[in-house]
Amino acid sequence: MPPGGGGGPMKDCEYSQISTHSSSPMESPHKKKKIAARRKWEVFPGRNKFFCNGRIMMARQTGVFYLTLILILVTSGLFFAFDCPYLAVKITPAIPVVGGILFFFVMGTLLRTSFSDPGVLPRATPDEAADLERQIDIANGTSSGGYRPPPRTKEVIINGQTVKLKYCFTCKIFRPPRASHCSLCDNCVERFDHHCPWVGNCVGKRNYRFFYMFILSLSFLTVFIFAFVITHVILRSQQAGFLNALKDSPASVLEAVVCFFSVWSIVGLSGFHTYLISSNQTTNEDIKGSWSNKRGKENYNPYSYGNIFTNCCVALCGPISPSLIDRRGYIQPDTPQPAAPSNGMAAYGATQSQSDMAAATPLLQSEPSLTSDELHLPGKPGLGTPCASLTLGQPTPPSSMPNLAAEAALTDILPLKEEHVGHQFLTPEEAPSPPRMLAGSPLAHSRTMHVLGLASQDSLHEDSVRGLVKLSSV
């Protein structure tokens, strides 16, 4: 007869084993989310704009750049539409040809300057920054107990001249010689010249030659348009008078005004950068007077080759260094780290089924899990052997009571006697607390899930009362 005198026949069940192997940590083997690879320009820390999947790089402030485009396009368009047809007939057809060559050269160098990487230096990673600070602390002999900001400068010798390398607290690097941090783009730029709003980008090592070619060719184009617009007006004035010439070609007046007010600044800027190239200086160095003789007779430019022709060849014909930021490269995914276990169980290789069980039985997370070695005790079935299946919903009898099922069956038939003192019962303080569980939820959250049976409520209540009576009689 089953314990408690009720219920059906004993049912056999097998220990079912849960697979703890999954294709990847913390991921369901059935549902895999494909994360699209991101490029580096999408998480670039500087204040820049990127277009065409990172191929085009510009500063964030591009309003003046669009003004530059409008002025060049409108002035050149009016010249080709209203002046070139008349000049090609009256003077020579070479005028629109030369004007077209200058126009396309100006636009090409402008776009090349605006859309390219000026020479941005990559920022240090957290590990690199920590290693740099550690090296500085070791070199200075300071203790690592408290935080100490690294020194702002280092000194190096270049061609016999002492050059200071400044530390950038934004990029966490010591800037190389001639580099500077642009406050508008928030980047350290190698061989930084200046930030030009007219081209919408910084001017540095990788785009300086294109910037110089742009302003030089723009100077020629501006002078060319202005000269032939005046020629056009003069030729028409000789035929029909000055006022009639202005009425016949009003666009020429607008072109002449724009070119007149812009030619001085453009030609002056071209001359200034011609001087800088011939002496191998940058605008930043010239404004600060880094190599001025006023600082001392021994102060000289260590980057100059001592020859104007050589300096110009190095600046305009030398090789272009590759970009250091690799803005179109893919971000390498970080290695997944194991989560800190909260109940003694490693969550690194948990499967989806284990996660579901943990969500269904949150109160069991604090209960210790039983291993297969602990379950294999005398009088208890081991793994792979059938066990008794009882009705779920009530706590099981204490495991330290031998032959409890047989004792419960006998007490239902025989009256309680005092000579049953050979049985050992646990005190209420020693008895384990019944596991608080939901109906149909597993007992523990370990590698093996044990399907254990429970007795009915009435029979277990009677067993508990009789056990306490026996204990009191002892």
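Computed from a predicted structure; not experimentally measured. Along the sequence shown, residues are numbered consecutively beginning with 1.
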Lys/Arg N to Asp/Glu carboxylate O, D186 vs R60, below 4.0 Å | no
Is the shortest side-chain N to carboxylate O distance from R178 to E285 below 4.0 Å?
-> yes
Minimum heavy-atom distance between S270 and Y212, given as atom pair plus value | O-CE1, 4.0 Å
With a 4.5 Å limit on heavy-atom distance, are the side chains of [X] and [Y] in contact?
{"X": "I72", "Y": "M107", "answer": "yes"}
{"X": "V120", "Y": "M57", "answer": "yes"}
{"X": "M213", "Y": "F105", "answer": "yes"}
{"X": "F214", "Y": "R112", "answer": "no"}
{"X": "C171", "Y": "L121", "answer": "no"}

Kindly say whether the aromatic ring centers of F82 and H232 come within a distance under 6.0 Å.
->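 For F82 and H232, the ring centres are not under 6.0 Å apart.
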May I ask you to check whether F228 and F224 place their ring centers less than 6.0 Å from one another?
-> yes
In terms of side-chain heavy atoms, does T113 have a donor or acceptor partner in N207 at a distance below 3.5 Å?
->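 No pair is found: no donor N or O on one side chain lies under 3.5 Å from an acceptor on the other.
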Going by atom types alone, do N201 and S116 pair a side-chain donor with an acceptor below 3.5 Å?
->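 On atom types as modelled, these side chains do not qualify, holding no pair under 3.5 Å.
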